[in-house]
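The structure appears below as structure tokens.
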Amino acid sequence: MQYFPLFTDLNQRRVIVVGGGEVAERKVELMLRANPLLTLIAPELSPRLQALQQAQALDWRQQSLSLESEPSWHADARLVVMATNDARLNREWALRLEAQGVLVNVVDDPDACNVITPAMVDRGKLLVAISSAGAAPVLASQLRAEIEQSLPASSAELMEFVAGRREQVKQALPANRRAEFWRQFFALNGRGFSKNTQANFDRTMAEDKALNAGELWLMDAEIEPNLLPIAALEVLAKLDCVISVLPLNGALNDWVRRDASRVTEMSESTIENELSVGKRLLFITDEQQLKFLKERFSQARTIQTGQISPSS
Ligand SMILES: C[C@@]1(CC(=O)O)c2cc3[nH]c(cc4nc(cc5[nH]c(cc(n2)[C@H]1CCC(=O)O)[C@@](C)(CC(=O)O)[C@@H]5CCC(=O)O)C(CC(=O)O)=C4CCC(=O)O)c(CCC(=O)O)c3CC(=O)O
Ligand SMILES: NC(=O)C1=CN([C@@H]2O[C@H](COP(=O)(O)OP(=O)(O)OC[C@H]3O[C@@H](n4cnc5c(N)ncnc54)[C@H](O)[C@@H]3O)[C@@H](O)[C@H]2O)C=CC1
């Protein structure tokens with residue numbers, strides 16, 4: 001790797017472009033997207049640069065730079081782009097700037113650069129940068145065009161949407177489930193923003209919660225344990241807690257996971273909390289309370305003789 005890619009914050013940082021021709025124009029237009037304080041040093045400006053100067057997008061210092069110029073010309077610059085048609089001047093100042101640790105780009109002289117500009121796909125917060133280290137700018141440009149195709153213009157809006165919901169996802173999901181959440185969201189939504197994006201987000205969130213939520217099982221206290229289906233035994237063997245006023249009868253007690261806790265009651269809010277951290281609960285109670293729990297917890301499933309109810 002000849003160059004290491006880094007993304008530089010140029011917002012309100014001084015950037016100086018030397019030269020006012022076609023190349024300077026292209027670099028200025030690119031860099032203005034990053035909102036720098038832009039100074040242009042050149043004796044004359046191309047028509048497009050003149051228009052930008054009139055729109056106050058840049059400061060123009062109308063002068064020629066020379067090898068004898070005072071170094072103060074670049075005093076506050078974070079980045080300097082040398083884009084005159086005087087190759088010797090470009091290179092000489094580039095070497096001096098490099099020696100002082102200033103970032104410098106020389107448009108037609110990679111050896112004199114300590115930074116080079118990649119081909120880029122700009123979708124707001126999402127930015128793809130492609131470099132060939134100067135070996136093949138045309139290939140970088142072709143790849144850029146290919147990637148442009150796979151990222152709709154509305155990707156930028158999608159990035160804003162996603163950035164605005166990162167905190168919500170952090171709050172809602174533990175760290176080990178967030179990456180999977182986002183993979184599912186992008187698989188469902190794709191890379192563009194549409195009127196369905198919010199619904200796609202909500203659906204992914206709901207599915208993730210359902211997938212990772214605990215289980216609430218209901219069983220009538222009158223049930224005859226020997227008539228339970230095999231599937232019910234598997235459920236019993238994985239329980240975290242059994243809630244039952246009466247002690248469990250012998251066979252049932254054997255089938256429930258040995259270290260599951262046994263309690264005689266549990267409040268609605270405790271049930272909610274336990275389910276939200278993935279606990280598996282079994283309520284053994286009378287018909288009336290079962291009915292109440294079924295209405296209160298829509299995800300509840302019932303264990304009956306001969307069958308267990310399908311998941312909702
Ligand atoms: C080192 C670097 C310095 C810098 O500018 O930062 C540099 C140097 C040089 N470019 C030259 C030529 C061309 N450059 C392009 C195009 C782009 N050049 C860009 C970047 C860079 N060019 C940096 C390295 C980037 C990297 O490879 O990682 C892009 C990616 C970004 C941008 O400039 O915005 C932009 C594509 C943007 C896009 O399409 O997305 C084309 C094609 C065209 O114009 O259609 C040609 C003509 C074909 C050819 O000659 O290959 C020459 C020879 C000049 C001469 O003949 O004298 C040199 C000097 C040399 O090689 O010595
Ligand atoms: N135009 C192109 O597509 C390409 C150009 N290049 C090279 O990039 C350089 C710039 O190209 P262009 O912008 O097309 O040239 P250009 O001739 O259009 O512009 C050069 C600019 O530099 C200014 N300038 C000259 N001496 C100066 C000094 N001492 N101080 C301040 N400003 C000064 C001029 O006033 C002019 O505005 C040239 O060396 C060229 O060979 C390289 C690759 C492609």
Side-chain angles (χ1 to χ4, degrees), residues 1-8 10 14-34 36 38-54 57-75 77-98 102-124 126-151 153 155:
M1 193 189 291
Q2 193 177 337
Y3 292 91
F4 190 83
L6 298 166
F7 292 85
T8 310
L10 291 182
R14 179 68 57 192
V15 171
I16 303 180
V17 176
V18 186
E22 201 185 316
V23 166
E25 188 177 285
R26 209 159 53 80
K27 298 281 177 184
V28 162
E29 280 175 346
L30 272 180
M31 285 186 302
L32 280 176
R33 298 189 202 176
L38 208 143
T39 299
L40 206 133
I41 300 177
E44 76 259 321
L45 296 184
S46 72
R48 261 155 78 193
L49 287 171
Q50 271 174 39
L52 288 170
Q53 191 247 336
Q54 273 151 21
L58 55 83
D59 297 323
W60 179 27
R61 279 192 228 155
Q62 187 173 12
Q63 65 182 84
S64 275
L65 195 68
S66 77
L67 292 174
E68 286 72 43
S69 297
E70 286 298 319
S72 57
W73 68 268
H74 63 78
R78 171 68 54 95
L79 167 69
V80 174
V81 178
M82 300 299 302
T84 77
N85 50 2
D86 180 342
R88 201 167 86 86
L89 181 88
N90 289 346
R91 172 170 273 257
E92 182 55 36
W93 269 114
L95 295 175
R96 293 177 191 176
L97 290 160
E98 151 71 12
V102 179
L103 297 180
V104 59
N105 178 260
V106 188
V107 289
D108 59 349
D109 191 353
D111 293 342
C113 295
N114 58 23
V115 290
I116 57 173
T117 40
M120 52 189 113
V121 181
D122 177 3
R123 296 288 186 272
L126 181 66
L127 184 68
V128 184
I130 304 146
S131 169
S132 71
V138 165
L139 180 62
S141 178
Q142 285 176 336
L143 288 170
R144 192 250 312 138
E146 284 172 33
I147 295 168
E148 292 270 2
Q149 300 290 316
S150 70
L151 288 172
S155 295

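Just so you know, ligand 1 is whichever comes first in the structure, and atom 1 is the first atom listed for that ligand. Heavy atoms only: backbone and side chains are in, while hydrogens, waters and symmetry mates are out. The shown structure was predicted, so the numbers you read here are calculated from the model rather than taken from an experiment.
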Would Ala140 count as a contact residue for ligand 1, given that I'm defining contact as a non-hydrogen atom of the residue lying under 4.0 Å from a ligand atom?
no
Ile130 and Pro118, any side-chain heavy atoms less than 4.5 Å apart:
no
Which ligand 2 atoms are under 4.0 Å away from a heavy-atom of Val18?
31 (C)
Atoms of ligand 2 close to Val107 [distance to a heavy atom under 4.0 angstrom, numbered from 1]
8 (O)
Which is closest to atom 26 (C) of ligand 1 in terms of heavy atoms, Ala129, Ala83, Pro5, Gly134?
Gly134
Sidechain-backbone polar pair: Trp60 side chain, Glu44 backbone, donor-acceptor under 3.5 Å
no
With heavy atoms and a 4.0 Å threshold, my read on which part of Ala133 contacts ligand 1 is backbone
Does the Arg78 side chain pair with the main chain of Pro36, one donor and one acceptor, at a distance under 3.5 Å?
no
Return the residue, atom name and 0.1 Å-rounded distance of the protein heavy atom closest to atom 35 (O) of ligand 2.
Glu44 OE2, 2.6 Å
Identify, for atom 3 (O) of ligand 2, the protein heavy atom at the shortest distance, and state residue, atom and that distance.
Glu22 OE2, 4.1 Å
Does the protein put a heavy atom less than 4.0 Å from atom 33 (O) of ligand 1?
yes
Which residue owns the protein heavy atom closest to atom 62 (O) of ligand 1, what's the atom, and how far is it?
Pro110 CD, 3.3 Å
Proximal atoms of ligand 1 relative to Lys27 (non-hydrogen, under 4.0 Å):
4 (C), 5 (O), 6 (O), 32 (C), 33 (O)
Which residue owns the protein heavy atom closest to atom 35 (C) of ligand 1, what's the atom, and how far is it?
Arg26 NH1, 4.2 Å
Less than 4.0 Å from atom 42 (C) of ligand 2, is there any heavy atom belonging to the protein?
yes
How close do Ala77 and Ile16 get, counting heavy atoms only, and between which atoms?
CB-CD1, 3.8 Å
closest protein heavy atom to atom 33 (C) of ligand 2 is Thr84 CG2, 3.5 Å
Give, for atom CD of Gln53 and atom CG of Leu40, the distance between the pair rounded to the nearest 0.5 Å.
9.0 Å
Give the atoms of ligand 2, by number and element, whose distance to some non-hydrogen atom of Pro43 is under 4.0 Å.
31 (C), 32 (N), 33 (C), 35 (O)
Just to verify, which of Val81, Val23, Leu49, Val15 counts as forming a side chain to side chain contact (heavy atoms under 4.5 Å, CB included) with Val28?
Leu49
Could you check atom 28 (O) of ligand 1 against the protein and tell me its nearest heavy-atom contact, residue, atom and distance included?
Ser131 OG, 2.6 Å
Which residue supplies the protein heavy atom nearest to atom 29 (N) of ligand 2, what is that atom called, and how far is it?
Leu65 O, 2.8 Å
Of all heavy-atom pairs linking Ala42 and Gly19, the shortest is CB-C, 3.7 Å
Starting from atom 36 (C) of ligand 1, locate the nearest protein heavy atom and write down its residue, its atom name and how far away it is, to 0.1 Å.
Ser141 CB, 4.1 Å
Drop me the distance from Cys113's SG to Asp108's CG, to the nearest 0.5 angstrom.
8.5 Å
Shortest non-hydrogen contact from Ala94 to Val106?
CB-CG2, 3.5 Å
Looking just at side-chain N and O atoms, do Thr39 and Arg14 make a donor-acceptor pair shorter than 3.5 Å?
yes
Separation between CD1 of Ile116 and CG of Asp109, rounded to the nearest 0.5 Å
12.5 Å
Given the protein's heavy atoms, is any one of them under 4.0 Å from atom 47 (C) of ligand 1?
no
Under 4.0 Å from atom 15 (C) of ligand 1, is there any protein heavy atom?
yes
Where does Thr117 meet ligand 1, judged by heavy-atom distances below 4.0 Å: at the side chain, the backbone, both, or neither?
both
Kindly say whether Glu25 contributes a backbone atom to a donor-acceptor pair with the side chain of Arg48 at under 3.5 angstrom?
no
Taking the minimum heavy-atom distance to atom 8 (C) of ligand 1, which of Val107, Asp108, Leu30 ranks first?
Val107
Of all the heavy-atom pairs spanning Ala133 and Gln2, show the shortest one and how long it is.
CB-OE1, 3.7 Å
Can you tell me which residue and heavy atom of the protein come closest to atom 5 (C) of ligand 2, and the distance to 0.1 Å?
Val23 CG2, 3.4 Å
Got the closest protein heavy atom to atom 49 (C) of ligand 1, with its distance?
Val138 CG2, 4.5 Å
Side-chain (Ser66) to main-chain (Glu68) donor-acceptor, under 3.5 angstrom:
yes
Please list, in number order, the atoms of ligand 1 under 4.0 Å from a heavy atom of Arg144.
38 (C), 39 (O), 40 (O)
Output yes when a protein non-hydrogen atom is found under 4.0 Å of atom 39 (O) of ligand 1, and no otherwise.
yes
Is the side chain of Asn105 donor-acceptor paired with the backbone N or O of Val115 at a distance under 3.5 Å, no angle test?
yes
Ion pair present between Glu92 and Arg96, side-chain N to carboxylate O less than 4.0 angstrom?
yes
Identify the closest protein heavy atom to atom 40 (C) of ligand 2: which residue and atom is it, and at what distance?
Asp108 OD2, 4.1 Å
One should read off an interatomic distance between Ser131 OG and Met1 CE, to the nearest 0.5 angstrom, of 10.0 Å
Do Trp73 and Ile41 make a side-chain contact, defined as non-hydrogen atoms from C-beta onward lying under 4.5 Å apart?
yes
Closest protein heavy atom (residue, atom, distance) for atom 37 (C) of ligand 1
Ala119 CB, 4.2 Å
Return a yes/no value: protein heavy atom under 4.0 Å from atom 54 (C) of ligand 1?
no
Nearest protein heavy atom to atom 27 (O) of ligand 1, by residue and atom, and its distance?
Ser132 OG, 2.5 Å
Which heavy atom in Pro43 sits nearest to a heavy atom in Ser64, and how many Å separate them?
CG-OG, 3.5 Å
Atom indices of ligand 2, in the order listed, that fall short of 4.0 Å to a heavy atom of Gly19
22 (O), 23 (C), 32 (N)
Residue portion contacting ligand 1 (non-hydrogen atoms closer than 4.0 Å) for Pro118:
backbone
Yes or no, since that's all I need: does a protein heavy atom fall within a distance strictly under 4.0 Å of atom 44 (O) of ligand 1?
no
Is there a side-chain contact between Thr117 and Met31 (heavy atoms, below 4.5 Å)?
no
Would you mind finding which of Ala83, Ala87, Gly21 brings a heavy atom closest to atom 10 (C) of ligand 2?
Ala83
Hey, looking at atom 36 (C) of ligand 2, which of Ser46, Gly20, Pro137 has the closest heavy atom?
Gly20
Taking atom 41 (C) of ligand 1 as the reference point, the nearest protein heavy atom with its distance:
Pro137 CB, 4.3 Å
Should we say atom CD of Glu22 is surrounded by more than 12 heavy atoms from elsewhere, each under 6.0 Å from it?
no
When you measure from atom 20 (C) of ligand 2 to each heavy atom in Asn85, Leu45, Ile41, which option holds the nearest one?
Asn85
Protein heavy atoms near atom 4 (C) of ligand 1, is at least one of them under 4.0 angstrom away?
yes
